[in-house]
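Here is the structure we will look at.
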2 protein chains.
Amino acid sequence: MKTSTLQDVARVANVSTATVSRSLSNPVVVSESTRRRVADAVKATGYRINHAARNLRTQRAHSVLVLLPDLANPFFSAILEGISRVLARQGYSMLIASTQHVHDSGERLIDYLDDARADGMIVLDGALETDVVEMLSSASQAERILFACEWVEDANFPSVRCENRTGTRIAVNHLYGLGHTKIAHITGPTGNVLGQIRKEAFVAELADLGLELKAEWIMTGDFTLAAGCLAAQEWIAMNDRPTAVFCASDQLAMGFIAELSRHDFKVPDHVSVMGFDDIDLAEQFIPPLTSIRQDRMMIGETAAKMLLARIVTPSEENLERATVLPVSLVIRESTSPP
Amino acid sequence: MKTSTLQDVARVANVSTATVSRSLSNPVVVSESTRRRVADAVKATGYRINHAARNLRTQRAHSVLVLLPDLANPFFSAILEGISRVLARQGYSMLIASTQHVHDSGERLIDYLDDARADGMIVLDGALETDVVEMLSSASQAERILFACEWVEDANFPSVRCENRTGTRIAVNHLYGLGHTKIAHITGPTGNVLGQIRKEAFVAELADLGLELKAEWIMTGDFTLAAGCLAAQEWIAMNDRPTAVFCASDQLAMGFIAELSRHDFKVPDHVSVMGFDDIDLAEQFIPPLTSIRQDRMMIGETAAKMLLARIVTPSEENLERATVLPVSLVIRESTSPP
DNA sequence: ACAAAATATGTAATCGATTACAAAAGTATC
DNA sequence: GATACTTTTGTAATCGATTACATATTTTGT
């Protein structure tokens with residue numbers, strides 16, 4: 001059975017297609033009685049709007065592309081949930097692509113916007129290659145691209161992020177407040193903005209507190225479990241072991257703790273460990289992880305709202321360029337006095 | 001700068017739009033020289049096909065909807081990765097929606113197919129409400145719906161799944177082979193097909209091996225960490241504790257182990273524990289988890305391929321209705337002789 | 001009661017690509 | 001060189017909704 005079209009509805013309601021269209025998308029300009037007849041006809045015919053037709057005519061795709069570096073990273077799930085929720089409410093669909101695949105297939109990201117597949121783009125990957133970033137920022141559609149969580153320093157895209165600096169300071173102060181004075185840090189990947197900022201804030205806060213910081217206490221990681229394990233081996237090998245470690249991500253912290261426990265070190269008895277992000281698993285981990293909580297659902301919702309605002313009313317220049325969302329300290333059992 | 005259209009290309013190449021269109025989508029019918037001229041014109045104009053226009057004319061959305069019960073579940077990530085990879089290769093986009101949101105917003109799932117937003121649907125949620133399932137199966141587009149991993153018993157949708165029965169038997173035999181004779185099981189949620197089948201296979205295999213099975217050794221769970229914790233409390237409270245536990249999911253196993261270790265029981269010293277799925281985290285867990293591995297990437301790829309075959313050549317009735325993919329035993333450190 | 005304004009509806013062009021059909025150009029065959 | 005056939009290209013209709021503009025109808029003001 002073919003689905004019915006505006007024409008069919010118009011025939012049944014005995015009006016023109018223009019009236020049906022108006023009745024559905026802009027009801028106030030249609031008289032009460034006509035509106036009712038159209039509504040009945042819609043019900044009778046089981047009419048569903050054809051998105052392809054509307055998209056062509058209105059030059060809108062009614063969908064947004066979300067770009068992830070890695071679908072498997074649990075950090076993104078709640079963000080997607082938030083984005084999806086807001087988009088669905090506005091009748092928009094959510095397209096997903098991983099930056100990896102796009103690169104593999106030689107496809108250009110900007111094509112999604114240029115060829116009417118998506119009206120906007122939310123990028124969750126700050127590690128885009130330079131040429132990709134340049135291509136995006138020079139594109140005519142650049143104002144429809146928004147970064148969330150991560151961002152690219154040089155480019156001037158709108159973005160949503162959390163208080164990375166403040167979060168880091170809160171973390172360090174939590175450890176300091178417990179009595180720790182020898183505090184180490186496992187960083188994110190070199191070149192990553194988040195890792196960089198958290199590291200800078202860490203160094204700055206230690207300086208403010210007048211705490212010593214040995215060079216070897218800053219261990220380079222990359223947000224992953226595996227990197228956490230390696231860092232643990234470094235820690236074990238140290239002569240003067242820090243009594244607390246602030247990790248740039250929960251996954252790092254988990255890997256660190258896991259490797260320690262394989263070598264019979266206990267957290268927080270031998271060393272206090274903190275993460276950053278407060279992913280779902282942090283609460284279930286053993287020991288439950290003290291972390292800096294980012295409201296990922298909120299990040300997703302905010303990103304989607306900002307982007308939709310730009311898509312729907314692109315003229316207004318009172319548009320937010322960057323939104324910074326608060327973080328909070330979640331104290332669990334992986335930290336204690338030294 | 002507006003993007004250029006077929007018309008623009010045609011003008012530059014000095015041919016008709018029909019020729020340009022053919023030159024791009026069906027080059028063999030166009031002469032070598034013309035094809036070259038068109039190619040040059042495309043490059044000169046920076047032409048990009050307009051998907052909305054093509055979709056309208058061809059009655060194809062060139063996209064597939066993937067329905068998840070829960071974006072946050074790490075089990076799905078690799079499946080999405082597999083789906084995405086195959087779709088991208090064929091020029092299809094991947095839309096994502098969660099069954100929860102769709103239900104909340106009162107939207108009907110089938111609308112995605114009816115209103116030209118998607119050409120097909122991959123459903124990763126076997127727990128759809130009955131009315132939704134009925135709506136889907138009675139739809140004209142029902143042949144474009146495919147279930148992956150989970151499925152609905154009564155309905156006759158094509159599906160991709162893994163060897164749940166065989167996997168369960170392998171698991172039980174692994175434990176039996178280590179010398180365990182008192183083996184318990186933590187099930188999936190009541191009513192879930194996967195949980196049901198794994199439970200049945202578990203009971204059957206124990207019977208085949210002639211092993212005793214006390215009623216309390218089958219603990220009802222729901223695939224989550226939390227359920228695993230509860231089951232651990234049950235286990236602790238038992239007089240005659242089983243020496244091995246086969247869990248219907250890795251998350252159950254992790255919750256179970258976590259709760260045990262909070263009560264100073266050690267795995268595998270006090271009890272051997274197995275999971276099912278082999279999610280990424282299983283390898284990093286402490287202890288690393290013995291599990292039944294499903295190749296989730298492969299499940300995703302297979303699902304996407306099957307669905308595309310149905311979309312592209314819907315006539316052929318030599319189409320696979322169900323593909324069952326093999327599983328394998330991954331032995332790590334959570335199991336040992338009693 | 002009539003003009004002016006406001007409201008409601010219809011007509012038809014439009015978005016940009018695809019494709020049935022027609023026409024033209026080229027090749028082979030005798 | 002004429003005929004039949006194949007290959008290549010063009011013309012124009014089409015997909016289904018939206019919307020500028022025109023027209024018809026109702027309301028308002030005096």
Side-chain angles (χ1 to χ4, degrees), chain A residues 1-39 41-42 45-63 91 111 113-119 312, chain B residues 1-39 41-42 45-63 91 111 113-119 312:
Chain A
M1 185 205 66
K2 257 183 50 186
T3 62
S4 48
T5 70
L6 255 201
Q7 301 256 18
D8 301 324
V9 178
R11 198 175 313 115
V12 171
N14 202 30
V15 293
S16 70
T17 58
T19 300
V20 178
S21 175
R22 280 188 290 251
S23 189
L24 295 174
S25 57
N26 192 14
V28 292
V29 305
V30 174
S31 76
E32 174 67 26
S33 64
T34 309
R35 215 184 307 158
R36 203 161 28 234
R37 265 191 304 145
V38 169
V42 166
T45 54
Y47 170 75
R48 291 259 94 219
I49 195 170
N50 182 308
H51 280 240
R54 175 171 67 173
N55 291 349
L56 173 58
R57 178 60 224 232
T58 60
Q59 308 282 44
R60 284 272 167 78
H62 290 96
S63 67
D111 290 349
L113 301 183
D114 276 346
D115 66 16
R117 263 182 298 174
D119 298 324
V312 176
Chain B
M1 186 203 67
K2 259 183 48 188
T3 63
S4 48
T5 70
L6 254 200
Q7 299 256 19
D8 301 325
V9 178
R11 198 174 314 115
V12 171
N14 202 30
V15 294
S16 70
T17 60
T19 300
V20 178
S21 176
R22 280 188 288 250
S23 189
L24 295 175
S25 57
N26 192 13
V28 292
V29 305
V30 174
S31 76
E32 173 67 26
S33 64
T34 310
R35 215 183 310 157
R36 201 161 30 232
R37 263 190 307 145
V38 169
V42 166
T45 54
Y47 170 74
R48 291 259 93 218
I49 194 171
N50 182 306
H51 280 242
R54 176 170 68 173
N55 291 349
L56 173 58
R57 177 59 223 231
T58 60
Q59 308 281 45
R60 285 271 167 79
H62 290 95
S63 68
D111 290 349
L113 301 183
D114 276 345
D115 66 15
R117 262 182 299 174
D119 298 323
V312 176

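Letters A, B, ... are given to chains in the order of the sequence lines, protein chains preceding strands, and every chain is numbered from 1.
Applying the salt bridge (charged side-chain N to carboxylate O under 4.0 Å, His left out) test to B:Arg48 and every residue at least two apart in sequence or in another chain returns A:Asp111.
Put simply, the side chain of B:Arg48 and the base of C:dG16 share no donor and acceptor less than 3.5 Å apart.
Residue B:Ala18 places its side chain closer to C:dT19 than to any other of C:dA12, D:dT9, C:dT19. Which of C:dA17, D:dT9, C:dT9 sits closest to the side chain of B:Arg22 comes down to D:dT9.
Side-chain contact between A:Leu24 and A:Tyr47 is present, with heavy atoms from C-beta onward closer than 4.5 Å. Put simply, the side chain of A:Thr34 reaches to within 4.5 Å of the side chain of A:Val15, judged on heavy atoms.
Rounded to a whole Å, the CD atom of A:Gln7 is 11 Å from the P atom of D:dT14. In this structure, B:Asp8 atom CG and C:dC15 atom C1' are separated by 14 Å, rounded to whole Å. Distance A:Leu6 CG to D:dT19 C1': 12 Å, rounded to the nearest Å. Atom P of nucleotide D:dT9 and atom CG of B:Leu24 are separated by 13 Å, given to the nearest angstrom. Straight-line distance from the CG atom of B:Asn26 to the C1' atom of D:dT7: 13 Å, rounded to whole Å. Computed from coordinates, the B:Asn14 CG to D:dG10 C1' distance equals 12 Å when rounded to whole Å. C:dG16 atom P lies 15 Å from atom CZ of A:Arg60, rounded to whole Å. Rounded to a whole Å, the CZ atom of A:Arg11 is 12 Å from the P atom of D:dG16.
Sorted by first then second residue, the side-chain hydrogen bond (donor to acceptor under 3.5 Å, both in side chains) pairs that include residues 19-30 of chain A, not counting sequence neighbours, are A:Ser16-A:Thr19. Residue pairs satisfying the salt bridge (Lys or Arg N to Asp or Glu O under 4.0 Å) criterion with at least one member in residues 3-21 of chain A, sequence neighbours excluded, are listed as follows: A:Asp8-A:Arg11.
The residue B:Val20 sits apart from the nucleic acid: no heavy atom pair falls under 4.0 Å. In this structure, A:Thr34 reaches the sugar-phosphate backbone alone: every heavy-atom distance under 4.0 Å involves primed, P, OP1 or OP2 atoms, never a base.
How far CG of B:Asn50 is from CZ of A:Arg117: 11.0 Å, rounded to the nearest 0.5 Å. Rounded to the nearest 0.5 Å, atoms OG1 (B:Thr3) and CG (A:Leu113) are 11.0 Å apart. For the atom pair NE2 (A:His51) and CG (B:Asp115), the distance works out to 3.5 Å, reported to the nearest 0.5 Å. With rounding to the nearest 0.5 angstrom, the CG atom of B:Leu6 is 11.0 Å from the CZ atom of B:Arg54.
For the pair B:Tyr47 and C:dG16, the criterion of a side-chain N or O lying under 4.0 Å from OP1 or OP2 is not met. For the pair A:Thr19 and C:dG10, the criterion of a side-chain N or O lying under 4.0 Å from OP1 or OP2 is met. Contact between the side-chain N/O atoms of A:Ser21 and the OP1/OP2 oxygens of D:dT18 is found at a separation under 4.0 Å. For A:Ser31, a side-chain nitrogen or oxygen approaches OP1 or OP2 of C:dT9 to under 4.0 Å. A:Thr5 has no side-chain polar atom (N or O) that falls below the 4.0 Å cut-off from OP1 or OP2 of D:dG16.
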When you compare the protein's N or O atoms with those of nucleotides 26-28 of chain D, which come within less than 3.5 Å of each other, and at what distance?
none

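Two end axes, each from the C1' atoms of five base pairs, can be drawn for the helix from C:dA1-D:dT30 to C:dC30-D:dG1; they diverge by 30°, to 10 degrees.
Of the residues in residues 49-59 of chain A, those lying under 4.0 Å from DNA chain C by heavy-atom distance are A:Leu56, A:Arg57, A:Gln59.
A:Ala116 approaches A:Ala61 most closely through the heavy-atom pair O-CB, 3.4 Å. For B:Val20 against B:Ala10, the heavy-atom pair with the smallest separation is CG2-CA, 3.7 Å.
Under the 3.5 Å distance criterion, the side-chain polar atoms of A:Ser4 are matched with a main-chain donor or acceptor of A:Thr45.
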